[in-house]
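So you know, we letter chains A, B, ... as the sequences are listed, proteins then strands, and number each from 1.
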Amino acid sequence: MEKHFLLTVFENLYVAFGPQNWWPSESDFETVIGAILTQSVSWSNVEKAIDNLKKENLLSPQSLSKIDDERLHALIRSTRFYKQKGERLKNFCRYLVENYEGNIYKLFDKDIFELRRELLSLKGLGKETVDSIILYAAKKPIFVVDAYTKRIFSRLGVVDENLDYQALQEIFMQNLPHDTSLFNEYHALIVKLGKDVCKTKPKCEICPLNNFCKYYISKNKF
DNA sequence: GCCCAGGGGGCTC
DNA sequence: GAGCCCCATGGG
């Protein structure tokens, strides 16, 4: 793959959809909470939960680390696996309070890969969630991979559809400048394209990438 | 009624 | 390491 290709795709998406303004939140701590709550659920479900937490003044590491389970479950029920997610939130907040005085910037103040390893060691934080936290909350340049990334770029014919997370991430990291705002906008645009166009049943007619998508050129191949 | 979301963990083989 | 199941709401 030519290095220029990934930038060309980005430019086409940006022209078509414009800036996505991720991550929608009032604070970097809120971004972390959103990253955990949005695991396998649409963002509209997450907004309700975050609004609930705000209304009750609970959106802080100190409050969430010691909140009653039943109460938390009720507030974040809209985010699907709410018992698991409740525990994940409390786990993270407890860790933050005990090790960093509840200050995420003290947690973030380290090398990008050291931070990644540390976050990955926390239960309930996998690769995608951790990379989202690093990119959108800590604002360090790491490329976030998700199911849409795999689906879209394998259909474009530039990556193997069986590549794992790490391999796919390396392709983007090796072929793009390590720029936080580029990675921010690129991932958001991929999600936008995935949601609106490139679903299981794609709408190739309205896809801004259709002139170089192999799926579009020979549909019966897939 | 169906489908699937801005995943991760645990288990089996 | 891959394949499967579990979790368990809401919008189209």
Side-chain angles (χ1 to χ4, degrees), chain A residues 10 13-14 17-26 28-53 69-93 95 116-139 142-155 160-170 172 180-203 206:
Chain A
F10 173 77
L13 292 177
Y14 191 84
F17 297 128
Q20 300 299 299
N21 302 313
W22 276 29
W23 191 287
S25 69
E26 292 178 4
D28 295 324
F29 176 72
E30 183 183 328
T31 300
V32 176
I33 299 307
I36 295 172
L37 291 180
T38 198
Q39 291 169 349
S40 202
V41 70
S42 51
W43 183 249
S44 59
N45 289 36
V46 178
E47 285 181 315
K48 295 174 188 168
I50 291 187
D51 284 346
N52 289 341
L53 293 172
D69 285 333
E70 306 271 314
R71 186 180 180 197
L72 180 57
H73 293 168
L75 293 170
I76 66 170
R77 197 171 60 87
S78 62
T79 64
R80 214 173 165 193
F81 319 117
Y82 56 84
K83 292 182 184 172
Q84 287 188 344
K85 288 179 178 176
E87 192 175 349
R88 289 170 189 184
L89 290 186
K90 286 183 75 172
N91 260 344
F92 175 79
C93 291
Y95 180 81
R116 189 171 198 265
R117 194 168 356 108
E118 183 174 354
L119 290 173
L120 280 173
S121 74
L122 300 179
K123 195 176 172 185
L125 305 194
K127 298 186 187 73
E128 187 179 338
T129 305
V130 163
D131 289 341
S132 296
I133 291 171
I134 296 174
L135 179 62
Y136 292 104
K139 299 173 173 52
I142 196 160
F143 198 90
V144 179
V145 171
D146 68 343
Y148 290 133
T149 313
K150 184 177 292 192
R151 182 185 298 167
I152 290 166
F153 287 87
S154 64
R155 280 182 185 171
D160 190 317
E161 62 180 326
N162 296 318
L163 288 185
D164 63 16
Y165 189 100
Q166 227 76 301
L168 206 47
Q169 183 177 52
E170 279 176 24
F172 284 88
T180 300
S181 60
L182 171 66
F183 287 170
N184 175 324
E185 207 61 61
Y186 208 152
H187 175 64
L189 284 165
I190 286 171
V191 173
K192 171 74 174 169
L193 180 68
K195 280 200 294 197
D196 291 4
V197 180
C198 202
K199 316 185 95 158
T200 314
K201 294 175 183 173
K203 304 176 186 170
I206 61 167

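- The base-pairing partner of dG1(B), taking Watson-Crick or G-U wobble contacts with both distances under 3.5 Å, does not exist among the strands shown.
- Proximity of a side-chain donor or acceptor of Thr38(A) to a complementary backbone N or O of Gly34(A) within less than 3.5 Å is not detected.
- Using a 4.0 Å heavy-atom distance criterion, Ile36(A) is classed as making no nucleic acid contact.
- Checking Leu122(A) against Lys199(A), the closest nucleotide of DNA chain B that is more toward the 5' end is the one next to Lys199(A).
- Between the CG atom of Asp196(A) and the P atom of dG12(C) there is a distance of 13 Å, rounded to whole Å.
- Taking CG from Asp146(A) and CD1 from Ile152(A), the interatomic distance works out to 7.5 Å, rounded to the nearest 0.5 Å.
- Summary of the strand contacts: Leu125(A) and Lys195(A) both lie near DNA chain B, and taking for each the nucleotide with the nearest heavy atom, the more 5' one is attributed to Lys195(A).
- The residue Gln84(A) sits close to a base: some heavy atom pair falls under 4.0 Å.
- dG3(C) and dG6(B) are spaced 24 Å apart, taking the P atom of each and rounding to whole Å.
- Heavy-atom contacts from other residues, nucleotides or ligands closer than 6.0 Å to CD of Gln166(A) number more than 12.
- Note on Tyr82(A): every side-chain N or O is 4.0 Å or more away from OP1 and OP2 of dA8(C).
- Between Ile76(A) atom CD1 and dG7(B) atom P the separation is 16 Å, expressed in whole Å.
- In this structure, Lys85(A) reaches neither bases nor backbone, as no heavy-atom distance under 4.0 Å exists between it and the strands shown.
- Taking only side-chain atoms of Arg77(A), from C-beta outward, the nucleotide of dG10(B), dT9(C), dA8(C) with the closest atom is dT9(C).
- The CZ atom of Arg80(A) sits 12 Å away from the C1' atom of dG11(C) (whole-angstrom rounding).
- One atom, CZ of Arg151(A), and another, C1' of dA5(B), lie 10 Å apart when rounded to the nearest Å.
- In this structure, Asn45(A) atom CG and dG6(B) atom P are separated by 9 Å, rounded to whole Å.
- Aromatic stacking of Phe81(A) on dG8(B): not satisfied for centres closer than 5.5 Å together with planes under 30 degrees.
- Dashed line: the shortest gap from a side-chain N or O of Ser42(A) to OP1 or OP2 of dC4(B) is not under 4.0 Å.
- The CD-C1' distance, from Glu47(A) to dG11(C), rounds to 13 Å in whole Å.
- When each of dG8(B), dT9(C), dG11(C) is scored by its nearest atom to the side-chain atoms of Ser78(A), the top-ranked nucleotide is dT9(C).
- Between Tyr186(A) and Phe10(A), the ring planes are tilted. Angles from 30° to 60° get that label.
- Across all strands, Lys48(A) comes closer than 4.0 Å only to sugar-phosphate atoms, never to a base (heavy-atom distances).
- Spacing between atom CH2 of Trp43(A) and atom C1' of dT9(C) amounts to 16 Å, rounded to whole angstrom units.
- Heavy-atom contacts from other residues, nucleotides or ligands closer than 6.0 Å to NZ of Lys139(A) number more than 12.
- The distance from atom NZ of Lys201(A) to atom P of dC2(B) is 14 Å, rounded to the nearest whole Å.
- The partner of dG1(C), taking Watson-Crick or G-U wobble pairs whose two distances both stay under 3.5 Å, is dC13(B).
- Salt-bridge check for Lys127(A) with Asp131(A): failed, with every basic side-chain N at 4.0 Å or more from each acidic carboxylate O.
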